[in-house]
Amino acid sequence: MLSALNSAQREAVTAPDGPILVVAGAGSGKTRVLTTRIAWLLEQGVHPGEILAYTFTNKAAREMKERVARQVGAQRAPFWIGTFHATGVRILRSHADRLDLPRDFAIYDADDQKRLLKGVLQDLKLDSKQWGIPASRVAISAWKNQDVGPEQALREASMYVDEVHAKIYTAYQQALRKCQAVDFDDLILETVHLLEQHDEVRQQYAGKFRHVLVDEFQDTNELQLLLIKLLSCIHGNVFTVGDDDQSIYGWRGARVENMLEFDEYFPGARTFRLEQNYRSKGHILDAANHVIAHNRHRKGKNLWTDQGLGEQVTVEQHLDAEDEAARVVEIVQQHRRGDVTVLYRTNAQSRLLEDALRRARIPHQVVGSVQFYERREIRDLLAYLKLVANPADEVSLQRIINQPKRKIGQTTVGRLIQCSRTHDLPVGDLVARPDLLATALGNAAARRVVGFLNRLADWRRDAADRKPVHELLQRIVADIDYETFLHQDEPDTAAGRMENVAELVSSAQAFHEGSDGGTLGQFLEQTALVADQDTIQDGDGAVRLMTVHTAKGLEFPVTIVTGCEDELLPHVTSSDTEAGVEEERRLFYVAVTRARERLYLLHASRRRRFGSYEDTLPSRFLGELPEDAIERRELDHGWQEPVARSLFGGPRKARAPRDLYSASSQAKRHRKDDWNADVAQSAQHYEGQLVSHASFGAGTVVRVEGDEVTVDFGEHGRKHILTRYAHLTPLD
DNA sequence: TTTGGGGAGGTTTTT
DNA sequence: CCTCCCCAAA
């Protein structure tokens, strides 16, 4: 077990009891240390139930469990391994009686939060233009992460803005509890309160967990630190692993100080350092080391490897984001698809990349926000289930009471909720009081509402009878005739959306089979807490696309970082403070250190923003790379400065300084030829030209933009075609 | 109550 | 460019 470790790792793993901080550089075997530590503890006679380990994602938790099980046997694997949030839910549910919450409280995500806040702002008669929902959300979350309640926030508000936000916070918290719901921050905050306020509960957990282990410690916030301290207050065995250079969640309250000042929070702590990197080839590591050395606020470490230099890091400039995407396709084709991962700073960048990959028919998976659980149809159906599970959930009710249309509009819903408030009854339970509804809504509207609530009552009976979640879901879909609704709503996308519905049903079925008859509440909890990373489908041979944030903790043989431009990476909104730029630099460092064998850093000279092109500069981080480790290529696209641009005052910004690009002439010539070939091909088409396409038949060219040609195929509609991939034959 | 047109505004990053 | 929200009309 220990023989596979180097001496530094072994020392950390076998460290005696007490607080321990392992400063583990990127790729230095952090996960291995953590899992081996657990296995080692078990071997020392620690009981599996005495170990609590925090991971950053559920996927990481699952993998850690599996690895430990492999070392010590499945029956001896610890069962308290999970994220702060998932673990919080588990603790809160079993002590719901001590809280002001029912056992099956709902968990509100960002979207639910926004909808709830919208109502709160209306109730407070605040102008939603002046008092934005995002700003309130940020303020509330910041308070919660510092363990500041609404009263305290109000008391301490020194400025008018704070005062209003504190009032919003107060009303928001009331509304949330009225819906018998908690938000993500509450999952930690309420757990902390539970442990603080109930001695016997604290004794129970702190007594049980002899060892508390924390992964990605650099990204924990004040509240999480507090929680760790509470849980370890009896035994004091805290084993944390982190890398201050990879702290990238400062914007949501993460404090690197938890790590840098570890000794203050856990007196007598011992520190271990892991600096040998087992992941990346020499040139890649060299590049990473050079860049991160530009940060002033860091403890400082130097990763090394004995793996050899490998290939140089490729840095390429492209004309625009479309060209960059085309190049991504090309790079992918030069490697094994499943080995390649494409990274970007913002989710919005994924669209173009996805389009290019789709046109080239390259299997790919976009990991992250635009995916499954964010889709409208999925959210709608989940809202039905949430309302079934929790009849007080006003946000879900508002979402679906008129979806599909039941002639129940905003006014009626407003009165309905008012009615539930005055009589202090959950909205769903008003079904038992048609008399109240009739007075509050009038007869006609009341009849429609009762009709809906009756249906809801049927589903609730099903759920109470422990009907499997997927069967319940299928019944709901049938009862509301969802398929017809989708077709009427948006005929073009109905089929695709119905596929998503089917996927949701099968995931519910998988849950039912996998959880040995899990409840509806458990299913919803699981869907609420999925992290982006949890959705990665391993081993399917597809290219993966994700944000740099999502890629944290992962590694890929071939990594392509796109959009390495100033104002994007580093992002504009973080560029004006030193702390901001340093966090962006850490983000860039995380991106670079994901790569094992091969790293490409791409940037474009111009990029569309809100529809129109804006000129860009290469990221300042590219200028911080060591020349020996990189190969810079400037690609000649045969591109000329558009006349219009110079007429209107020229480019907003200067072009990239030439001397950044002293590429080897061989490589340059090679690339140039490729590119010119593409450009030459696209020049064959012009507006009004008659062309033929392999699957769409004959059509007329409507627009030519580079090699992207828009063609009207009559009954097949207008299509955007990249001539690089789909050939168009001229008919004239 | 629904619908559509018009207009404004929006892009960090996530459990 | 797209999405969302508001308002007026049916």
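Lettering of chains follows the sequences in order, A, B, ..., and the numbering in each one begins at 1.
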- prompt: Atom CZ of A/R585 and atom P of B/dT13: how far apart are they, to the nearest Å?
  reply: 21 Å
- request: Report the distance from atom CG of A/D534 to atom C1' of B/dT15, rounded to the nearest whole Å.
  value: 10 Å
message: Quick check on A/R93: does its CZ atom have over 12 non-hydrogen neighbours (other residues, nucleotides or ligands) under 6.0 Å away?
response: yes
field: Nucleotide B/dT13, atom P - distance to CZ of A/F56 in whole Å
entry: 15 Å
- request: Could you tell me the separation between the CZ atom of A/R252 and the P atom of B/dT15, rounded to a whole number of Å?
  value: 7 Å
field: Touch class at under 4.0 angstrom, heavy-atom based, for A/F84 against every strand present
entry: nothing
- prompt: Counting just side-chain N and O atoms, does A/T550 come under 4.0 Å of either OP1 or OP2 of B/dT13?
  reply: no
task: Report the residue (A/H549 or A/K405) whose heavy-atom-nearest nucleotide on DNA chain B is the more 5′ of the two.
output: A/K405
field: cation_pi(A/R607, A/Y613) dist<6.0 Å, angle<=45
entry: no
query: Is A/W251 stacked on the base of B/dT13, with ring centres under 5.5 Å apart and planes under 30° apart?
result: yes
message: So, does A/T412 get its side chain near the phosphate of B/dT1, meaning an N or O under 4.0 Å from OP1 or OP2?
response: yes
task: Give one of base, sugar-phosphate or nothing for A/S612, where a contact means two heavy atoms less than 4.0 Å apart.
output: nothing
message: Could you check whether A/D355 pairs with A/R358 (Lys NZ or Arg NE/NH1/NH2 to Asp/Glu carboxylate O, under 4.0 Å)?
response: yes
- prompt: Is the distance from OP1 or OP2 of B/dT2 to the nearest side-chain N or O of A/N402 less than 4.0 Å?
  reply: yes
- prompt: What nucleotide among B/dT14, B/dT15, B/dT1 has an atom nearest to a side-chain atom of A/R448?
  reply: B/dT1
- request: Whole angstrom is fine here: how far is it from CZ in A/R609 over to C1' in B/dG9?
  value: 12 Å
query: Atom CD of A/Q403 and atom C1' of B/dT3: how far apart are they, to the nearest Å?
result: 14 Å
A/H85, nearest nucleotide to its side chain (from B/dT15, C/dT3, B/dT14): B/dT15
message: On the nucleotide B/dT15, are OP1 or OP2 found under 4.0 Å from the side-chain N or O atoms that A/T57 carries?
response: no
message: By the 4.0 Å heavy-atom rule, please label A/T346 as base, sugar-phosphate, or nothing.
response: sugar-phosphate
field: Atom pair distance, as rounded to whole Å: CG in A/D185 and C1' in B/dT14
entry: 11 Å
query: When the nearest nucleotide of DNA chain B is assigned to A/K407 and to A/V530 on a heavy-atom basis, which residue is associated with the more 5' position?
result: A/K407
field: Atom pair distance, as rounded to whole Å: NE2 in A/H571 and C1' in B/dG10
entry: 12 Å
field: Within the 6.0 Å centroid threshold, strictly below: A/Y482 and A/F485
entry: yes
message: So A/T411, base contact, sugar-phosphate only, or nothing? Heavy-atom distance under 4.0 Å.
response: sugar-phosphate
- prompt: Taking A/E584 for the side chain and A/H571 for the main chain, is one N or O donor matched with an acceptor at less than 3.5 Å?
  reply: yes
- prompt: Are A/Q224 and A/E222 linked by a side-chain donor-acceptor pair shorter than 3.5 Å?
  reply: no
query: How is A/D109 classified with respect to the nucleic acid when contacts are heavy atoms under 4.0 Å: base, sugar-phosphate, or nothing?
result: nothing
message: At less than 4.0 Å, is any side-chain N or O atom of A/N347 found next to OP1 or OP2 of B/dT14? Yes or no.
response: yes
Which nucleotide in B/dT15, B/dT14, C/dT3 has an atom nearest any side-chain atom of A/Y249: B/dT14
